[in-house]
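Chain letters run A, B, ... following the sequence lines, proteins first, then strands; residues in each count from 1. Below, all heavy atoms of this structure are taken into account, side chains as well, without hydrogens, waters or symmetry copies. Computed from a predicted structure; not experimentally measured.
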Protein chains: 4
Amino acid sequence: MPTPRAAKQSHAAPAPREGLVERRRAQILAHAIRHFAKEGFASANLDQVIADIGCGKGTIYRYFKSKDDLFRAAVDEVMRGLLEATAPAAGLDPLEQLREAVTGYLRYFARHPEYVELLMLERAEFRTREEPTYFAYRRTHSRRWDATFTRLMREGRLRRMPVRRVVDAVGNMLYGVLFTNHFSRVRPDPARQAGELLDVLLNGLLAPGGQDARAIPAGVGRARPRAQGRRGT
Amino acid sequence: MPTPRAAKQSHAAPAPREGLVERRRAQILAHAIRHFAKEGFASANLDQVIADIGCGKGTIYRYFKSKDDLFRAAVDEVMRGLLEATAPAAGLDPLEQLREAVTGYLRYFARHPEYVELLMLERAEFRTREEPTYFAYRRTHSRRWDATFTRLMREGRLRRMPVRRVVDAVGNMLYGVLFTNHFSRVRPDPARQAGELLDVLLNGLLAPGGQDARAIPAGVGRARPRAQGRRGT
Amino acid sequence: MPTPRAAKQSHAAPAPREGLVERRRAQILAHAIRHFAKEGFASANLDQVIADIGCGKGTIYRYFKSKDDLFRAAVDEVMRGLLEATAPAAGLDPLEQLREAVTGYLRYFARHPEYVELLMLERAEFRTREEPTYFAYRRTHSRRWDATFTRLMREGRLRRMPVRRVVDAVGNMLYGVLFTNHFSRVRPDPARQAGELLDVLLNGLLAPGGQDARAIPAGVGRARPRAQGRRGT
Amino acid sequence: MPTPRAAKQSHAAPAPREGLVERRRAQILAHAIRHFAKEGFASANLDQVIADIGCGKGTIYRYFKSKDDLFRAAVDEVMRGLLEATAPAAGLDPLEQLREAVTGYLRYFARHPEYVELLMLERAEFRTREEPTYFAYRRTHSRRWDATFTRLMREGRLRRMPVRRVVDAVGNMLYGVLFTNHFSRVRPDPARQAGELLDVLLNGLLAPGGQDARAIPAGVGRARPRAQGRRGT
DNA sequence: GATGAATGAGTGTTCATTCAT
DNA sequence: AATGAATGAACACTCATTCAT
């Protein structure tokens with residue numbers, strides 16, 4: 001008993017079910033991410049990807065213009081997820097918001113270790129691209145926090161310093177933690193690690209009221225007597 | 001009495017110019033680093049490298065077993081330099097030593113921006129290797145600081161916390177700064193940046209004596225109501 | 001009811017021309033045999049092969065995994081033909097069967113002189129392989145004759161001796177003739193040569209009833225007084 | 001106390017001991033034979049040869065013009081030995097002489113299995129050469145036997161047939177045995193095998209006085225009614 | 001829409017040979 | 001005579017991309 005739509009698939013089926021195209025794309029993307037993460041960009045073989053998916057070679061090229069394109073889409077997908085995972089929760093105290101975002105960030109990569117690989121790969125492979133997606137993302141995204149931190153300084157809760165420095169401090173720390181976690185075997189709990197990390201960042205390493213406080217680093221950068229050699233490079 | 005070196009040759013004299021081999025190796029390495037940094041590992045073309053050097057193709061293979069081997073040697077070279085650049089200066093106060101090391105680190109990569117590329121490339125290309133050279137270096141190298149930080153804590157100059165956390169905090173921050181510097185156009189002065197960076201790390205972001213001090217982050221990690229399960233993807 | 005093959009394709013039709021793949025494979029094989037025979041394995045250049053065929057380089061690799069693989073396939077092809085050419089004709093007297101097989105063998109290589117080259121090449125190039133294809137073929141194939149010769153002995157038509165010796169005598173003679181024919185300029189008629197060859201093998205070289213018959217060789221192998229030098233080997 | 005010849009070796013020693021050059025040549029040749037036999041011509045690596053010998057790369061080229069030249073010399077060396085091993089013993093009955101020569105042939109290759117490899121390699125590699133050394137050797141060498149066999153026929157001890165056929169029969173059988181021995185695991189005693197082999201060759205396979213004697217093969221070659229099919233290749 | 005056979009540019013690597021010392 | 005650093009021609013193999021069916 002043919003359905004009404006049966007006739008039109010007589011010898012070539014144009015989208016039998018709605019959303020099939022979207023699902024195909026997502027399927028390809030998922031497999032591609034796995035392969036890229038595992039093999040690296042150059043070593044990843046599209047033949048293996050299609051073998052995994054079980055489709056023909058040409059099919060991938062219906063959805064993505066090229067291997068590069070596919071890779072970019074994969075990275076974008078990762079970033080989209082990261083943006084979602086670090087979206088500030090409304091209605092919370094700013095510092096709580098920050099803690100949530102940091103936790104979200106750590107949890108995101110803890111759940112998808114292969115995404116860390118993608119981040120590295122992107123930079124390694126697309127040297128021509130002006131700026132890696134991750135840093136583009138970070139630059140854009142971090143603006144969300146500028147106002148927050150500025151306000152906290154005005155309220156006297158944060159020390160006064162260029163707001164960029166605050167944002168970068170958090171961003172850099174997170175980026176470093178990302179890879180340290182990835183390469184070490186330990187898989188710390190994201191929430192706990194977010195707490196420890198923010199504890200250091202907010203309160204600093206020095207003992208409170210100690211002799212060094214506000215002393216040593218303040219001296220830094222004053223005189224630099226040592227010769228720098230050929231500055232250039 | 002013949003010259004000391006006369007005896008070792010039975011009746012023939014190869015007698016290559018002394019140090020020629022070492023210089024060749026260094027020359028190849030330098031050119032290779034430049035090319036890898038600029039093109040990436042996979043895209044780097046050995047034909048171009050030899051064209052630059054002005055030697056035959058086989059020559060490279062006299063000094064390095066393969067392209068991989070050449071790349072590894074390049075990374076090792078970078079690490080050797082980094083170790084040298086961050087060697088703790090004797091006779092300084094520990095925190096001054098730290099400041100010197102951080103400055104050395106930043107200055108090293110400020111002078112050789114292409115080395116940052118190498119670091120990324122290594123991770124991207126040699127996914128089979130258990131641990132990237134940089135992290136192997138860092139793990140080994142950071143032990144040098146364990147004793148120092150432990151003592152500072154005992155003396156009450158640093159807050160008491162697991163020493164690993166301190167070391168990682170510095171390492172992660174540096175690693176993050178490395179890439180942020182690299183991808184942003186700004187090229188801050190290493191000594192100044194070391195100072196700012198340590199200021200944040202040592203003193204923290206919070207205003208001294210403020211309401212938040214030792215409060216917010218402490219609360220972190222207490223309750224984690226959300227289910228962690230392995231959420232799927 | 002759709003055509004029988006309609007069901008197997010969901011909604012797309014690759015539908016390659018039937019037999020195209022097989023013909024391609026055969027075409028490549030034929031050209032490869034010619035090239036290998038003419039140039040030898042190591043010197044044979046796949047670029048020239050594809051130039052002859054008129055296809056792209058990758059095409060060969062769709063059908064054969066490597067140059068080695070291609071060569072092996074070429075030798076196998078030769079052996080397949082040889083097996084066919086020497087298949088015993090049913091219903092003939094055993095000695096007539098033998099004559100037919102020998103003729104078939106000689107005719108096969110007389111028609112395809114380049115196949116002799118392949119046989120030599122295989123041995124020369126694949127020293128790691130336990131046993132050359134030709135000898136593997138011969139070992140297997142010669143079993144077909146064991147029963148025949150055994151019966152002939154039992155019937156008193158052949159002299160009693162280990163059946164292996166008979167089979168080997170024929171096989172060795174044929175192998176020798178193969179190369180002698182190949183390297184000398186004469187191209188004797190296969191049927192005539194088979195007759196001459198079997199005449200010698202069956203009747204022997206000695207004059208009938210002569211003084212030497214069953215005498216000289218019988219003495220062989222009795223005492224071996226001469227020193228063998230270092231036996232080793 | 002310097003010898004009179006001491007002065008001339010002041011800084012380069014031209015042939016300190018007489019015969020050193022010859023010994024060097026022989027040494028290189030011996031190592032080369034081993035390597036060629038083991039690896040094949042194309043795969044044999046001169047670097048390994050010199051490593052084995054313990055001399056410099058250039059040295060080989062002082063003694064042999066090229067790799068080809070070295071290989072040819074190696075084969076010639078093998079043939080020289082074979083000629084020696086099969087030299088007819090004077091004062092023996094011709095059939096005894098033959099038996100001795102055959103035994104010598106088999107013993108030679110039994111002692112030096114790798115020489116068999118060389119024979120194959122020569123043919124495989126030097127396809128341009130008109131005639132392989134082995135067959136050139138055989139052609140020349142076999143003339144030694146023409147007179148002998150002719151005389152035996154005249155004396156009625158051998159059946160009358162073209163003398164070439166006799167010589168070839170022996171030569172082909174030997175060549176075949178050579179490889180059969182080489183590829184099978186059995187290592188028969190040369191003298192015994194020579195006896196068995198000559199027994200078959202001289203007395204034939206047929207039972208004496210049997211029905212088949214002088215019958216079957218005689219009919220061979222008469223009419224060849226069978227169609228040859230597509231003659232070409 | 002889907003397929004997979006065909007393509008060919010691109011490149012790492014080998015190794016016989018040369019020659020300055 | 002001997003050495004071994006340098007050379008560069010040669011070649012198998014890969015894989016992203018295309019397109020006829």
Side-chain angles (χ1 to χ4, degrees), chain A residues 9 11-16 20-21 24 42-50 55-63 65-68 70, chain B residues 9-17 20-21 24 42-48 50 54-68 70, chain C residues 9-17 20-21 24 42-50 54-68 70, chain D residues 9 11-16 20-21 24 42-50 55-68 70:
Chain A
Q9 356 179 344
H11 56 283
L20 183 128
V21 166
R24 220 5 162 192
S43 306
N45 189 299
L46 289 196
D47 279 334
Q48 279 171 238
V49 177
I50 62 144
C55 71
K57 194 134 186 195
T59 303
I60 279 187
Y61 284 84
R62 293 198 59 75
Y63 292 90
K65 222 167 51 186
S66 66
K67 194 187 186 185
D68 276 32
L70 177 58
Chain B
Q9 259 109 29
S10 53
H11 52 270
R17 269 89 89 251
L20 181 128
V21 165
R24 250 304 193 222
S43 308
N45 185 275
L46 289 194
D47 280 334
Q48 278 170 240
I50 64 145
C55 72
K57 196 129 179 199
T59 302
I60 282 186
Y61 283 85
R62 283 193 61 73
Y63 292 88
F64 302 93
K65 227 169 41 192
S66 64
K67 196 188 185 185
D68 273 33
L70 179 57
Chain C
Q9 258 109 26
S10 54
H11 52 273
R17 270 87 91 253
L20 182 129
V21 165
R24 250 303 194 222
S43 308
N45 185 276
L46 288 196
D47 279 336
Q48 278 171 238
V49 177
I50 62 145
C55 71
K57 194 133 184 194
T59 302
I60 282 188
Y61 284 86
R62 282 192 62 72
Y63 292 89
F64 301 94
K65 226 168 45 189
S66 66
K67 195 188 185 185
D68 273 33
L70 178 57
Chain D
Q9 356 179 342
H11 57 283
L20 182 126
V21 167
R24 214 19 155 187
S43 306
N45 189 299
L46 289 195
D47 280 334
Q48 278 171 240
V49 177
I50 63 144
C55 71
K57 194 137 188 194
T59 303
I60 279 188
Y61 283 85
R62 292 198 59 74
Y63 292 89
F64 300 94
K65 224 169 49 187
S66 66
K67 194 189 187 186
D68 274 32
L70 178 58

For A:Ile50 and F:dA16, what is the distance between atoms CD1 and C1' respectively, to the nearest whole Å? 12 Å
Separation between CD1 of C:Ile50 and OG1 of C:Thr59, rounded to the nearest 0.5 Å: 8.0 Å
Between CD1 of C:Ile60 and C1' of E:dG8 the distance, given in whole Å, is 13 Å
Counting the atoms with a prime plus P, OP1 and OP2 as sugar-phosphate, which does D:Tyr63 contact under 4.0 Å by heavy atoms, base, sugar-phosphate, or nothing? sugar-phosphate
Sequence-distant partners of B:Tyr61, side-chain contact (heavy atoms from CB on, under 4.5 Å), two or more places apart: B:Leu46
To the nearest 0.5 Å, how far apart are CZ in D:Arg62 and CZ in D:Arg24? 11.0 Å
Would a 4.5 Å heavy-atom cut-off, applied to side chains only, mark C:Leu70 and C:Tyr63 as touching? no
Want to know the stems of DNA chain E: at least 3 consecutive Watson-Crick or G-U pairs with distances under 3.5 Å, which are they? E:2-21 with F:2-21
Can you check the C:Gln48 CD to F:dA10 P distance for me, whole Å? 12 Å
Can you measure D:Arg24 atom CZ to F:dA1 atom P for me and round it to whole angstrom units? 12 Å
Assign a letter to each nucleotide of nucleotides 12-18 of chain E from its 5' end: B, base within under 4.0 Å of a protein heavy atom; S, sugar-phosphate only; -, no contact. BBBBBBB
In whole angstroms, the gap separating P of F:dC13 from CG of C:Leu70 amounts to 10 Å
Specify the residue among B:Gly56 and D:Arg62 whose closest nucleotide of DNA chain F lies further upstream toward the 5′ end. D:Arg62
